[in-house]
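Numbering of ligands and ligand atoms starts at 1, following listing order.
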Amino acid sequence: MSRFDFDLFVIGAGSGGVRAGRMAAGYGARVAVAEASRLGGTCVNLGCVPKKLMVYASGFAAAFDDAAGFGWSVPEPSFDWAALKANRDRELVRLNGVYRELLERAGVHIIEGRARLRDRHTVAVGGETFSAERILVATGSRPVKVPIPGAELAITSDELFGFESQPRRVLIAGGGYIAVEFASILRGLGAEVVLSYRGKLFLRGFDDDVRSTLAAEMRKRGVELRFGTTVERLVRNADGVAATLSSGDTIGSDLVLWATGRAPNTSGLGLEELGVRLDARGAVIVDEHLESSVPGVYALGDVIDRITLTPVALAEGTALARNLFGGTPTTVDYSNVPTAVFSQPAVAAVGLNEATARAAGHEVVIFRSTFRPLLHRLSGRDEQAMMKLVVDRASDRVLGVHMVGPEAGEIVQGLAVALKAGATKASFDATIGIHPTAAEEFVTMRSPVGG
Ligand SMILES: Cc1cc2nc3c(=O)[nH]c(=O)nc-3n(C[C@H](O)[C@H](O)[C@H](O)COP(=O)(O)OP(=O)(O)OC[C@H]3O[C@@H](n4cnc5c(N)ncnc54)[C@H](O)[C@@H]3O)c2cc1C
């Protein structure tokens, strides 16, 4: 009989914590999960899921517009923010229940409350303490605001999901995927949207052709992009909030959305007191087995700040459970992680972009296709899709796949398998397309545009 209450105590029932806890319990471990808020974590409650539902909602506006070219006459559409919020929230409550059921069915003990480490084998939640042989910190991340005058007048994505009425004029500060996605969502739902970003072009880390294509297309859809500017000051006025930009311009809005980044949730957990090493951003430093500098204390997901995406947190949770309780040594392979931006039009990519491939020393051959999707031949919408392959000249290996266009996420997910399997350009060329699709373009690009 173990001297501990649990074999594994998980702090945080988000994507990574739930996966690790469920799998560990499946291997026979006695597992507890403490959750301070709602089961499912950020992705289910304040991230991927509610956001994607809003992406769907906003996509209808363009579909109604596009329908006319196909013979439809659509009465003037109207949108009900409260109806969307109510339906979306109902779905999230359902998912919270699904997560509870998954954990309970796996035999995981659920503890509601904020947890704090007392020592490397003891966790306090409320007035109770629990002992565990191993502790997993899976506390995720939180949005951060830049401390400018009036910062309290801005909200973050967390609060946006709770907004009761539809914002009509929105200023978004930031240039990451959250800023870009909400710019598209709110514009699609009918708001005037200005996005201010300090860099020359948003979506740092994505291929430059993707970034410039998306910027051009978002402008066509009416999003005002102000690159090279920062929001310096916010003041409340009769009309809402007035923002002064570094350019000197003033932007009036009824909502300022701060989307300038997220920070790992490590404060108030007792980690520093225990000697758990954190990096400069406050992320838990872990080794390849996700173990921190304190033996027996592990961390994964957004709180380790490697690749802050749900499927990565899930992969880490799986690896940890296998390592600790499954008898199968597993490490996470962080190469070729596909990713999408659910903007309008959408973006997705896997592998190296042109600049990172060159910087890594590859001599590359570039294939690129820019075209008007068939849908827009009749819809009349002036929108271009862009697809790009980055190929290593010496080995013919496809190093990167990049796309802006309809269903980019759905298309690139499949191609991620090909990259993981080490596909060459010759194998792309030998693949027969599905016609007529946009995706077939990836297997029909024959002439390099650069190298
Ligand atoms: C707006 C937005 C959109 C996103 N869209 C996508 C997307 O489209 N695709 C994608 O892959 N990723 C997306 N993400 C990222 C994704 O949500 C995260 O990468 C993922 O949720 C990380 O999982 P996690 O388990 O590390 O943490 P989380 O899911 O954040 O879970 C951490 C949990 O720990 C709890 N917690 C924190 N401290 C304590 C404590 N002391 N005691 C008890 N509980 C505690 C929190 O309440 C939370 O429930 C999005 C994120 C945001 C904010």
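- At under 3.5 Å, not a single nitrogen or oxygen of Asn265, backbone or side chain, sits near a nitrogen or oxygen of ligand 1.
- Within ligand 1, counting atoms from 1 as listed, the ones closer than 4.0 Å to a heavy atom of Gly41 are 29 (O), 31 (O), 48 (C), 49 (O).
- Here the protein heavy atom with the shortest distance to atom 26 (O) of ligand 1 is Asp302 N, 2.8 Å.
- Checked against a 6.0 Å centroid threshold, the rings of His109 and Phe6 count as neighbours.
- Under 4.0 angstrom from ligand 1, the non-hydrogen atoms of Ile178 all belong to its side chain.
- Summarising the local packing, CZ of Arg219 is surrounded by more than 12 heavy atoms from other residues, nucleotides or ligands at distances under 6.0 Å.
- Residues Thr139 and Asn265 bring no donor and acceptor atom of their side chains to less than 3.5 Å of each other.
- Using modelled atom types, one finds no donor on one side chain facing an acceptor on the other under 3.5 Å when comparing Tyr197 with Arg226.
- Taking distance alone, with nitrogen or oxygen atoms compared against 3.5 Å, Gly301 stays at or beyond that limit from ligand 1.
- For ligand 1, the atoms lying closer than 4.0 Å to a non-hydrogen atom of Gly113 are 42 (N), 43 (C).
- Annotation for ligand 1: atoms under 4.0 Å from non-hydrogen atoms of Pro311 are 11 (O).
- Using modelled atom types, one finds no donor on one side chain facing an acceptor on the other under 3.5 Å when comparing Ser184 with Arg221.
- Atoms of ligand 1 found under 4.0 Å from any heavy atom of Arg262 (numbered from 1 in listed order, with element): 53 (C).
- In the vicinity of Gly16, heavy-atom distances shorter than 4.0 Å reach the ligand 1 atoms 25 (O).
- Taking a 4.0 Å cut-off on heavy atoms, Ala340 fails to register as neighbouring ligand 1.
- Looking only at protein heavy atoms, the nearest one to atom 13 (C) of ligand 1 is Cys48 SG, 3.3 Å.
- Residue contacts with ligand 1: Lys52 is excluded, as none of its non-hydrogen atoms falls under 4.0 Å.
- The pair Arg94-Glu91 meets the salt-bridge criterion, with a side-chain N (NZ, NE, NH1 or NH2) lying under 4.0 Å from an Asp/Glu carboxylate O.
- For Thr310, heavy-atom contacts with ligand 1 shorter than 4.0 Å involve the backbone as well as the side chain.
- His376 pairs by the ring-ring contact (aromatic ring centres under 6.0 Å, His included) definition with nothing, not counting sequence neighbours.
- No salt bridge links Arg368 with Glu441; every basic N to acidic carboxylate O contact stays at or beyond 4.0 Å.
- Shortest contact from atom 37 (C) of ligand 1 to any protein heavy atom: Thr139 O, 3.4 Å.
- With hydrogens left out, the protein atom closest to atom 1 (C) of ligand 1 is Leu46 O, 3.6 Å, a heavy atom.
- With hydrogens left out, the protein atom closest to atom 33 (C) of ligand 1 is Glu35 OE1, 3.6 Å, a heavy atom.
- Comparing Ala299, Ala20, Cys43 against atom 17 (O) of ligand 1, the shortest heavy-atom distance belongs to Cys43.
- Atom 3 (C) of ligand 1 has its nearest heavy-atom neighbour, among Gly47, Pro264, Ser37, Ser157, in Gly47.
- In Lys51, the part holding a heavy atom less than 4.0 Å from any atom of ligand 1 is the side chain.
- Scanning the protein heavy atoms around atom 43 (C) of ligand 1, the nearest turns out to be Ala36 N, 3.3 Å.
- Contacts between Glu181 and ligand 1 below 4.0 angstrom, taking non-hydrogen atoms only, are absent altogether.
- Salt bridge annotation for Glu152-Lys145: absent, with no cationic side-chain nitrogen under 4.0 angstrom from a carboxylate oxygen.
- Under the salt bridge (charged side-chain N to carboxylate O under 4.0 Å, His left out) criterion, the residue pairs touching residues 327-336 are Asp333-Lys420, with sequence neighbours excluded.
- Ring-centre distance between Tyr177 and Phe182: not below the 6.0 Å cut-off.
- Close approach to Ala138 involves these atoms of ligand 1, each under 4.0 Å from a residue heavy atom: 32 (C), 33 (C), 34 (O).
- Looking only at protein heavy atoms, the nearest one to atom 34 (O) of ligand 1 is Gly12 CA, 3.2 Å.
- Atoms of ligand 1 lying under 4.0 Å from at least one heavy atom of Leu309, given by number and element, are 10 (C), 11 (O), 12 (N), 19 (O).
- Between Arg306 and Leu290, the shortest heavy-atom distance links the atoms NH1-CD2, 3.9 Å.
- Close approach to Ile11 involves these atoms of ligand 1, each under 4.0 Å from a residue heavy atom: 40 (C), 42 (N), 43 (C).
- The single protein non-hydrogen atom nearest to atom 15 (C) of ligand 1 is Tyr177 OH, 3.5 Å, given as residue, atom name and distance.
- For Phe442 and Phe428, the gap between ring centers reaches or exceeds 6.0 Å.
- In summary, the side chains of Ser131 and Thr122 do not present any donor paired with an acceptor at a separation below 3.5 Å, with no hydrogens or angles considered.
- Taking the ring centre of Phe325 as origin, the terminal cationic atom of Arg134 falls inside the region bounded by 6.0 Å and 45° from the ring axis.
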